[in-house]
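Working notes, beginning with the structure itself.
Naming convention: chains lettered A, B, ... in sequence-line order (proteins, then strands); numbering from 1 in each chain.
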Amino acid sequence: MTIRLTNSRTRRKEAFEPLDPSNVRLYVCGPTVYDRAHIGNARPVIVFDTLYRLLRHVYGAAHVTYVRNFTDVDDKINAEAQRRKGLGRPESLEELIRERTEETIAWYHADMDAMGALRPAIQEDRSPEGLRRAEPRATEYIGAMIAMIEGLIAKGHAYEREGHVLFRVRSYAAYGALSGRSVDDMIAGARVEVAPFKEDPMDFVLWKPSDAGLPGWPSPWGRGRPGWHIECSAMSYELLGESFDIHGGGLDLQFPHHENEIAQSCCAHPQGSFARYWLHNEMLQVEGKKMSKSLGNFFTVRDLLDQGFPGEVIRFVYLMTHYRSPMDWTAEKARQAEAVLRKWRAATADVAAGEVLPGVVEALADDLNTAGALAALHAAAGAGDWAGVKASAGLLGLLQDGMGDWAAAPEADLKAHAARLAELRAAAMASKDFAAVDAMKAALLAAGVEVRMSKAGVELVPGAGFDAAKLADL
RNA sequence: GGCGGGUUGGCGGAGAGGUUACGCAGCGGAUUGCAAAUCCGUGAAGACCGGUUCGAUUCCGGUACCCGCCUCCA
């Protein structure tokens with residue numbers, strides 16, 4: 001089975017060949033943990049979770065390493081901690097920062113778990129320590145960042161000015177290759193704010209000084225904190241080595257974040273290749289518009305869950321669109337996804353998973369064609385191959401045990417009602433007066449009960465909107 | 001201004017230079033006292049203008065419109 005992926009670095013779909021099939025290594029840029037994850041944040045999580053599942057299927061679960069970081073050094077986190085301090089909290093700023101990042105990470109885990117995303121892991125090491133290593137926090141790798149920055153200075157790729165350390169972009173000839181821009185064009189764009197101590201307008205910060213009101217760590221350049229980009233370079237090096245297979249993230253990170261990562265990593269470790277395949281997911285919109293707080297169409301994953309959209313339904317909606325196309329979140333799509341999942345859930349409830357369908361694997365292996373994989377699932381469903389559907393849906397993170405409570409029929413004993421209705425119906429068939437039957441049927445429907453009457457008899461199925469209280473009068 | 005992506009049937013959304021995508025909705029039928037559920041069947045597309053080709057929705061060029069990045073937003 002050959003996996004083909006669109007490599008942003010070459011702008012082509014390429015056959016994926018891992019450096020080491022016994023340990024395929026994937027790094028994905030994770031969230032800055034300052035607030036609840038919004039539904040845009042969820043897209044790379046689901047996209048790369050699907051890739052992770054595919055890699056595990058092809059190479060074996062114990063032969064895949066998936067690392068995704070938490071950025072817990074950030075001005076927005078500082079601002080929230082300072083706000084709490086301003087409210088009179090007695091803790092230190094550091095403690096308040098810790099409090100904010102810890103609660104945000106817990107939310108993130110809960111929300112992503114709800115959508116069926118697997119936690120990153122280093123070769124299936126699911127011990128608490130192992131899982132924690134697979135989700136590294138920037139604050140726990142400050143030493144590695146400082147070491148990398150020192151190396152860059154020693155090699156002439158970085159310089160110190162006024163407590164800052166800056167990366168010398170002109171020292172890396174390939175700068176701009178990933179995002180297809182030239183340093184000169186970008187400067188010509190003239191939207192770059194130039195600090196006076198920069199040698200070149202495009203140089204970016206590796207380390208910056210912190211005053212007393214900001215978190216800081218001791219360094220050769222004084223007390224300070226790292227720039228944003230260096231954390232991913234340092235952590236991927238520590239956990240995956242100087243060369244690894246796949247680096248993923250949202251398209252908006254391609255420049256400058258990933259470009260700067262490449263510059264830092266390739267200059268610090270020129271003998272390595274850093275990431276060989278770069279994958280970028282397109283952005284998400286809501287009802288056709290960019291999601292923004294000012295437009296009032298800003299949702300967190302938790303908002304959707306609280307509104308009653310099951311995590312599995314949200315996941316299905318994301319999988320309906322190819323990861324390299326812009327995706328629109330709409331209520332109509334969620335309705336469609338729910339209808340299909342409800343049907344599949346009901347049909348596979350008592351079915352044992354069989355063999356994974358080749359068509360599903362082939363679609364995913366073709367640049368993560370999740371829409372094609374869903375089509376293959378529909379085809380199998382149409383053919384009645386529910387064992388295949390159940391097995392293959394697992395590759396997409398769907399129809400998993402523990403995620404289907406939302407689709408389960410509510411507990412209710414309707415036998416007495418069914419018997420009563422059958423009785424009324426039998427009488428009506430003789431008298432040709434169906435008024436009593438129709439009245440009872442209407443009452444049942446109003447209570448959210450699906451009424452199925454056939455020659456075989458009467459069947460009552462509690463539906464999604466089942467309300468036992470409304471049956472009390474019957 | 002620079003760079004990149006997109007435009008497919010009522011809606012969503014794929015692949016493929018020529019043969020049914022698929023799903024949702026609709027319509028017709030079976031079934032039902034009527035429905036529901038289920039099953040069967042079915043119409044409907046490729047922004048616009050050129051070019052290449054025996055043949056293009058699919059390749060190439062242009063136009064229009066939309067979107068993203070260039071501002072530590074995935």
Sugar-phosphate, base or nothing in reach of A:Val340, heavy atoms under 4.0 Å: sugar-phosphate
Sugar-phosphate only, base, or nothing, as touched by A:Phe255 at under 4.0 Å among non-hydrogen atoms: sugar-phosphate
Sugar-phosphate only, base, or nothing, as touched by A:Gln285 at under 4.0 Å among non-hydrogen atoms: sugar-phosphate
Nucleotide nearest A:Lys441 (side chain, heavy atoms from C-beta), chosen from B:A35, B:G23, B:G12: B:A35
Spacing of A:His280 atom NE2 relative to B:C70 atom P, expressed in whole Å: 13 Å
Euclidean distance, atom CG of residue A:Leu319 to atom C1' of B:G12 [Å, nearest integer]: 14 Å
Listed nucleotide nearest any side-chain atom of A:Val437, set B:A74, B:G33, B:C22: B:G33
Touch class at under 4.0 angstrom, heavy-atom based, for A:Leu445 against every strand present: nothing
Residues A:Arg225, A:Ser210; criterion side chain to side chain donor-acceptor pair (under 3.5 Å); working and verdict: CA-CA 6 Å; A:Arg225 59 195 196 283; A:Ser210 293; 3.2 Å; yes
Salt-bridge criterion met for A:Arg170 and A:Asp203 (N-O under 4.0 Å): no
A:Lys343 side-chain N/O to B:C24 phosphate OP1/OP2 under 4.0 Å: yes
Residue-phosphate contact under 4.0 Å: A:Ser454 side-chain N/O, B:U32 OP1/OP2: no
Side-chain donor/acceptor of A:Lys333 to base of B:C11, under 3.5 Å: no
Whichever of A:Pro226 and A:Ala339 has its nearest RNA chain B nucleotide further upstream toward 5': A:Ala339
Distance between C1' atoms of B:C48 and B:A56 (Å, rounded): 16 Å
Sub-6.0 Å ring centroid separation between A:His378 and A:Trp344: yes
Rounded distance in Å - CG (A:Leu341) to C1' (B:G23): 12 Å
Nearest-angstrom distance from the residue atom CG of A:Asp328 to C1' of B:G68: 14 Å
Separation of the P atoms in B:G41 and B:A47, to the nearest angstrom: 30 Å
Base of B:G33 paired with side chain of A:Asp438 (donor-acceptor, under 3.5 Å): yes
Gap in Å between the two P atoms, one belonging to B:C27 and one to B:G10, rounded: 16 Å
Rounded interatomic separation in angstrom, taking CD from A:Gln336 and P from B:C22: 15 Å
Candidates B:G33, B:G68, B:C73 - which lies nearest the side chain of A:Lys76: B:C73
A:Trp329 and A:Phe309 aromatic centres sub-6.0 Å: yes
For A:His164, the option from A:Phe197, A:Trp221, A:Trp207 that meets ring-ring contact (aromatic ring centres under 6.0 Å, His included): A:Phe197
Contact nearer the 5' end of RNA chain B, comparing A:Pro44 with A:Met327: A:Met327
Identity of whatever pairs with B:G55 - Watson-Crick or G-U, under 3.5 angstrom: none
Separation between the C1' atoms of B:G46 and B:G12, rounded to whole Å: 15 Å
Residue A:Glu282, side-chain heavy atoms: nucleotide from B:U32, B:G5, B:A14 that is nearest: B:G5
Sugar-phosphate only, base, or nothing, as touched by A:Met453 at under 4.0 Å among non-hydrogen atoms: base
Sidechain N-carboxylate O distance under 4.0 Å for A:Lys76, A:Asp35: no
Distance, P atom - from B:C11 to B:A25, rounded to whole angstrom: 16 Å
A:Arg181 CZ - B:G4 P separation (whole Å): 9 Å
Minimum-distance nucleotide to A:Ser325 side chain [options: B:C34, B:A14, B:A37]: B:A14
Sugar-phosphate only, base, or nothing, as touched by A:Arg335 at under 4.0 Å among non-hydrogen atoms: sugar-phosphate
Watson-Crick or G-U wobble partner of B:C3, both distances under 3.5 Å: B:G68
Nearest-angstrom distance, C1' atom, B:A45 to B:C40: 25 Å
Close side-chain approach of A:Gln285 and A:Met291, heavy atoms under 4.5 Å: no
Whole-angstrom distance between B:C49 and B:U57, as gauged at atom C1': 15 Å
Touch class at under 4.0 angstrom, heavy-atom based, for A:Gly40 against every strand present: base
Pair partner, B:C22 [Watson-Crick or wobble, under 3.5 Å]: B:G12
Rounded distance (Å) that lies between atom C1' of B:G5 and atom CG of A:Leu284: 16 Å
Quiz item: A:His38 side-chain donor-acceptor pair to B:A74 base, under 3.5 Å: yes
Distance under 6.0 Å and angle within 45° of ring axis: A:Arg9 vs A:Tyr277: no
Any A:Arg452 side-chain N or O less than 4.0 Å from OP1/OP2 of B:U32: no
G-U wobble or Watson-Crick pairing nucleotide for B:U32 (cut-off 3.5 Å, both distances): none
Separation of B:C69 P from A:Asn281 CG (nearest whole Å): 13 Å
Any donor-acceptor pair under 3.5 Å from A:Glu362 side chain to A:Met1 backbone: no
Nucleotide nearest A:Val451 (side chain, heavy atoms from C-beta), chosen from B:A25, B:A14, B:A35: B:A35
Sugar-phosphate only, base, or nothing, as touched by A:Thr330 at under 4.0 Å among non-hydrogen atoms: nothing
P-based separation of B:G15 from B:U7 [nearest Å]: 10 Å
Touch class at under 4.0 angstrom, heavy-atom based, for A:Thr71 against every strand present: nothing
Sugar-phosphate, base or nothing in reach of A:Asn369, heavy atoms under 4.0 Å: sugar-phosphate
